[in-house]
Enquirer: 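Dumping the structure here so I can ask a few things about it.
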Amino acid sequence: MKNDRYQPQKIEAKWRQKWEEAGLYRAKIDRNKPKHYALTMLPYPSGDLHIGHWYAMAPSDVRARYMRMRGYNVLFPMGFDAFGLPAENAAIKRGIHPYKWTMDNIKRMREQLKSMGTMFDWEREAITCLPEFYKWTQWLFLKFYEKGLAYKKLAPVDFCPQCNTTLAREQVWGEDRHCERCGTPVLKKELSQWFFKITDYAEELLDFSKIDWPERVVSMQKNWIGKSEGAEVAFHTEDGDEFLIFTTRPDTLWGVTFMVLAPEHPLVDKITTDQYRQAVEEYKAQAARQSEIERLSAEKEKTGVFTGAYAVNPVNGQQVPIWIADYVMMGYGTGAIMAVPAHDERDFAFAKKYDLPIVTVIQPEDSSFSGELKEPYTDVDHGVMVNSGAFDGTPATVGKAKVTAWLEEKGLGRAAVNYRLRDWLISRQRYWGAPIPIVYCAKCGTVPVPYEDLPVILPEDAEFLPTGESPLKYNEGFLHTTCPLCGGPADRETDTMDTFICSSWYQYAYLSPYYQGEQPFDPEEGAYWLPVDQYTGGVEHACMHLIYTRFFTKAMRDMGLVDFDEPMLSLRNQGIILGEDSEKMSKSRGNVIAPDDLVREYGADAVRAYLMFGWRWELGGPWNSRGIEGVYRFLHRVWELLLSPVEQSLSQAQNGEEVDALRRKLHQTIKKATDDLDNFSFNTYLAALMELSNLMGKVKEKLWSSEVWQEATRTFCLLLAPACPHLAEELWSRLGYEFSVHNQAWPVFDERLVVEETVEIVVQINGKIRDRLVIPADADEAFVKEKALSSQTIQNGLQGETPRKVIYVPGRLVNIVK
RNA sequence: GCGAGAGUGGCGGAAUUGGCAGACGCGCUAGACUUAGGAUCUAGUGGGCAACCGUAGGGGUUCAAGUCCCCUCUCUCGCACCA
């Protein structure tokens, strides 16, 4: 009987249909099994699944399938991050309603996702733009408001002129401060906006002890939160106006020779003397203009002007001039600093430029230097305090703490902590988002929409115009409402929420999509499945989604909705697949690889396998068309190997050595595959399968009718099942096993069978390989050494000399030192 | 400048925890089968004619270093006048 060839197109759709009919991947609470919540970041429904989605999701699916075979009850859901700008831009450009555009795209992408052969439980799908979903997004907003975690304030904010909306600080990237979505440099605008008080959780967000996340993400988040410890010190002007400064170096207080305020500092106008007023006004105007126009000024040459006012240094009563300069930011600390040019790079440069005095107050330990400083001395671990009154002689290492304590005692200042993290600006002046459930009443002021009135529905009949203001503002039907408190006429808030809010809690929505109960998700489902055990996705979300969702979970914990501190216990990031030209894939470059085409040509299993085999998953790299053909060939070979019969099986006599060799390789492969999948090492997992198939190919003729061959083919199907679910199922069925391979347990290896019976020992003289010995694996040291020394090559190498030392590493080598 | 990561054949990448560098695949070479081959199969494939030399470069520790320590260089990513 001649076997037919491997034709993925003939088997893949068939099995997917069978799986669906059998409800194979429905995830239901089962208290007899340990649970595993595997999650991969949900896609934005842009219209087409691209290779990046495959690269992110296919290996995640492999891992979820592996955990399932390991006996876990696995939840692996999928949904769509469906609010956002492209939908609205399509509406502006082509007159398609964002809802229709989005839902059409979802329909298409859902089918594409299914073609991957993933084990997503589609009955748990959640789409963030549906009222049944965003009702709970709004509900959470109200809870945040109730808890004082949502507030509105007038503030200078970042505005993207291309996207026509404000952005959170996290969504402004790079030195030129461009919009994370479209790359346009942002503008500063003074606007009244809603914020979430993420800074309340700054300290807790710095604690990563409960999660296993990549070091890279941890360090990016730490960096982003930017904790610095020091002291807040109160200074006064000569006229008695108080202003606070923050410093990390209270030990250098005696070295203050001038003060600097940010140009926007509220005290500037008041303290500026008439003589300097014009210069100050000009400088302020220029600073404001600069922040709006050219930010790319390469050299950060320090500039500033004197205000004419003086401050009194509280520690020694000295009068020091107060300047304004744009190197001091209003947004960080108190917007005012004490300048210690002797011990700070920036202050030093400023002092040099404007010829301000420099006073050394930290003396480097062993140098007896005096005179003019060439550069500031910023070392905090060495040196002693000088010119600092009673503190003279205090080592710099303890100076900070001692001075801070002294300041507190004297009532001049206090220990203080500053964070770089800003509160999260969530207002967006766009239509296609969840409306902020707030009403403004002339009588009652800002009034939250009552919970029972949720959801606040987006009107269908909005005008989509790129005005920079929310289209909802011009929608009379939406705008005008009645005040929930007094029943009088009132206006709705017309801004919508940042879509990152939807994705901050979506992992909870999957538990019971569009839940109708009293809270966003079914508590029974939550008690069983939560938290997420394994999360996967791109590292580009390190300081956005991944920080927001941690914040949300902590806030939800404090509301009593969940009982844990972290949303995702373990996180892994995949890399990025580049075009074949090593450039980022883009339509304009014409280097885009379309997964649909690949599936048509090679089948989904080959695409999955190549995406795993081709790169280290966390790194990614350029696409290689030859590479996928190699993997495709491998799958063909596997098909022939397991299915095509041997014409005449050679020796029935079952050569013992080959049986042992195959069995050993089989168990070694199970061990390797298990380890590799545990560690997300998908490329070596596939390499191990290839090695096994290579050996099987060599012994097939001899062992085809043997028991060990059956064991090998069966196990091969099981090991292949997570990677190539369709092919494994087809092979499984053709080998005569019962549906489904995906309901089988992951094979276990026998440690005794993994061990080789004989080992090759390398014999070195002075670390250079001179001979090799094949010995029984359990040979003892004396025997191996004896054998090594008596070998002819070694005798020749030694030339009669007695070795000084003989080192034996069991199972590996003997090193003879002359 | 600060923080994180990386540097191994022509290419993607392997190398338990210091113990045979280059698994597996691509590509390449030769052969077989074929009307044909960009299909398939078989064999070979780090460099060098060799002794030997080889994991970015230079030092060190060790019987033994891709792996540990010190210095230098290059690349990628994040942050960046953060007081």
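Source: prediction; values computed, not measured. Every chain is numbered from 1 and lettered A, B, ... according to where its sequence line falls, protein lines coming before strand lines.
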Enquirer: Measure CD1/A:Ile576 against C1'/B:G78 and give the value in whole Å, please.
Expert: 13 Å

Enquirer: Hey, is CD on A:Glu242 packed in by over 12 heavy atoms from elsewhere, all under 6.0 Å?
Expert: yes

Enquirer: Under a 3.5 Å cut-off on both pairing distances, which runs of 3 or more consecutive Watson-Crick or G-U pairs involve RNA chain B?
Expert: B:1-7 with B:73-79, B:10-12 with B:24-26, B:27-32 with B:40-45, B:56-60 with B:68-72

Enquirer: Looking at A:Arg626, I'd like to know whether one of its side-chain N or O atoms comes within less than 4.0 Å of OP1 or OP2 on B:G27.
Expert: yes

Enquirer: If a protein heavy atom is under 4.0 Å from the base, mark B; if only from the sugar-phosphate, S; if neither, -; do that for nucleotides 37-48 of chain B going 5' to 3'.
Expert: ---SS-------

Enquirer: Looking for any heavy atom pair under 4.0 Å, which part of the strands does A:Ile769 touch: base, sugar-phosphate only, or nothing?
Expert: sugar-phosphate

Enquirer: Between B:C11 and A:Asn624, is there an OP1 or OP2 to side-chain N/O distance shorter than 4.0 Å?
Expert: no

Enquirer: Considering residues, nucleotides and ligands other than A:Glu618, do more than 12 of their heavy atoms fall under 6.0 Å from its CD?
Expert: yes

Enquirer: Between A:Arg177 and A:Asp158, is there a salt bridge with N-O shorter than 4.0 Å?
Expert: yes

Enquirer: Base, sugar-phosphate, or nothing: which does A:Val328 touch, judged by heavy atoms less than 4.0 Å apart?
Expert: base

Enquirer: In whole angstrom, give the distance that lies between atom CG of A:Asn679 and atom P of B:A15.
Expert: 10 Å

Enquirer: So, A:Arg572 and A:Asp212, do they make that salt bridge, N to O below 4.0 Å?
Expert: yes

Enquirer: Heavy atoms from C-beta onward define the side chain here; which of B:A83, B:A15, B:C81 lies closest to that of A:Phe246?
Expert: B:A83

Enquirer: How far does the P atom of B:C69 sit from the matching atom of B:C75, given to the nearest Å?
Expert: 24 Å

Enquirer: For B:A23 and B:C71, measure between their P atoms and round to the nearest Å.
Expert: 34 Å

Enquirer: Looking only at atom P, what distance separates B:U61 and B:G27, rounded to whole Å?
Expert: 46 Å

Enquirer: So does A:Leu356 have more than 12 non-hydrogen atoms from other groups sitting under 6.0 Å from CG?
Expert: yes

Enquirer: I need the CG-P distance between A:Leu578 and B:C77, as an integer number of Å.
Expert: 11 Å

Enquirer: Whole angstrom is fine here: how far is it from CD in A:Gln764 over to C1' in B:C20?
Expert: 8 Å

Enquirer: Of A:Ala687 and A:Ile337, whose nearest nucleotide on RNA chain B comes first from the 5' end?
Expert: A:Ala687

Enquirer: Please measure how far the C1' atom in B:A64 lies from the corresponding atom in B:G47, and state the result in whole Å.
Expert: 23 Å

Enquirer: A quick test of your reading: do over 12 heavy atoms of other residues, nucleotides or ligands sit less than 6.0 Å from CZ of A:Arg216?
Expert: no

Enquirer: For residues A:Tyr548 and A:Trp424, establish whether the separation of their ring centroids is below 6.0 Å.
Expert: yes

Enquirer: Can a side chain N or O of A:Thr334 be found less than 4.0 Å away from OP1 or OP2 on B:A83?
Expert: no

Enquirer: Look at the side chain of A:Lys768 and decide which nucleotide, out of B:C63, B:C82, B:C53, has an atom nearest to it.
Expert: B:C53

Enquirer: Which is true for A:Met220 with a 4.0 Å heavy-atom rule: it touches a base, it touches only sugar-phosphate, or it touches nothing?
Expert: sugar-phosphate

Enquirer: Roughly how far apart, to the nearest Å, are B:A4 and B:G54 at atom P?
Expert: 32 Å

Enquirer: With C1' as the reference atom in both, quote the distance from B:U8 to B:A65 in angstrom, rounded to an integer.
Expert: 14 Å

Enquirer: Mind calculating the distance between CZ (A:Arg772) and P (B:C20) to the nearest angstrom?
Expert: 10 Å

Enquirer: Is the Lys NZ or Arg CZ of A:Lys302 less than 6.0 Å from the centre of A:Tyr327's six-membered ring, within 45° of the axis?
Expert: yes

Enquirer: Could you please name the option among B:A14, B:C63, B:C20 that lies closest to any side-chain atom of A:Thr684?
Expert: B:A14

Enquirer: Which part of the nucleic acid, if any, lies within reach of A:Gly620 when heavy atoms closer than 4.0 Å are counted: base, sugar-phosphate only, or nothing?
Expert: sugar-phosphate

Enquirer: Determine the interplanar angle of the A:Phe500 and A:His541 rings, folded into 0 to 90°, and report it as parallel if under 30°, tilted if 30 to 60°, perpendicular if over 60°.
Expert: perpendicular

Enquirer: Between the base of B:C79 and the side chain of A:Arg420, is there any donor-acceptor pair under 3.5 Å?
Expert: no

Enquirer: Find the distance A:Phe613:CZ to B:A14:P and express it as a whole number of Å.
Expert: 10 Å

Enquirer: State which of B:G25, B:A83, B:A23 makes the closest approach to the side chain of A:Glu691.
Expert: B:A23

Enquirer: Nearest to the side chain of A:Met329, heavy atoms from C-beta on, is which of B:A80, B:A14, B:C81?
Expert: B:C81

Enquirer: Using a heavy-atom cut-off of under 4.0 Å over every strand shown, decide if A:Gly621 touches base, sugar-phosphate, or nothing.
Expert: nothing

Enquirer: Within this structure, what is the CG-to-C1' distance between A:Asn418 and B:C81, rounded to whole angstrom?
Expert: 15 Å

Enquirer: Sticking with atom P, work out how far B:C77 lies from B:C82, rounded to a whole angstrom.
Expert: 23 Å

Enquirer: With distance as the sole criterion, do the side chain of A:Lys302 and the base of B:C81 form a donor-acceptor contact below 3.5 Å?
Expert: yes

Enquirer: Under 4.0 Å, counting only non-hydrogen atoms across every strand here, what does A:Arg216 touch: a base, just sugar-phosphate, or nothing?
Expert: sugar-phosphate

Enquirer: Would you say that more than 12 heavy atoms from the other residues, nucleotides or ligands in this model lie under 6.0 Å from the NZ of A:Lys353, or not?
Expert: yes

Enquirer: Give a yes/no on whether any side-chain N or O of A:Asn694 is located under 4.0 angstrom from OP1 or OP2 of B:G25.
Expert: yes

Enquirer: Taking the chi torsion of B:G57, is it syn (within 90° of 0) or anti (everything else)?
Expert: anti

Enquirer: For A:Met330 and for A:Asp675, locate the closest nucleotide of RNA chain B by heavy-atom distance; then report the residue assigned to the nucleotide nearer the 5' terminus.
Expert: A:Asp675

Enquirer: Need one value for A:Asn223: base, sugar-phosphate or nothing, where a base atom within 4.0 Å counts as base even if backbone is also close, heavy atoms only.
Expert: base

Enquirer: How long is the line joining CG of A:Leu813 and P of B:G18, in whole Å?
Expert: 15 Å

Enquirer: Looking at A:Glu756 and A:Arg664, does any basic side-chain N land under 4.0 Å from a carboxylate oxygen?
Expert: yes

Enquirer: Just checking, A:Arg608 and A:Phe682: is the charged tip under 6.0 Å from the six-membered ring centre and within 45° of the axis?
Expert: no

Enquirer: Between A:Tyr610 and A:Trp615, is the ring centre distance below 6.0 Å?
Expert: yes

Enquirer: Counting only side-chain heavy atoms from C-beta out, which of B:A83, B:C82, B:C63 sits nearest to A:Thr247?
Expert: B:A83

Enquirer: For B:G59 and B:G9, measure between their C1' atoms and round to the nearest Å.
Expert: 26 Å

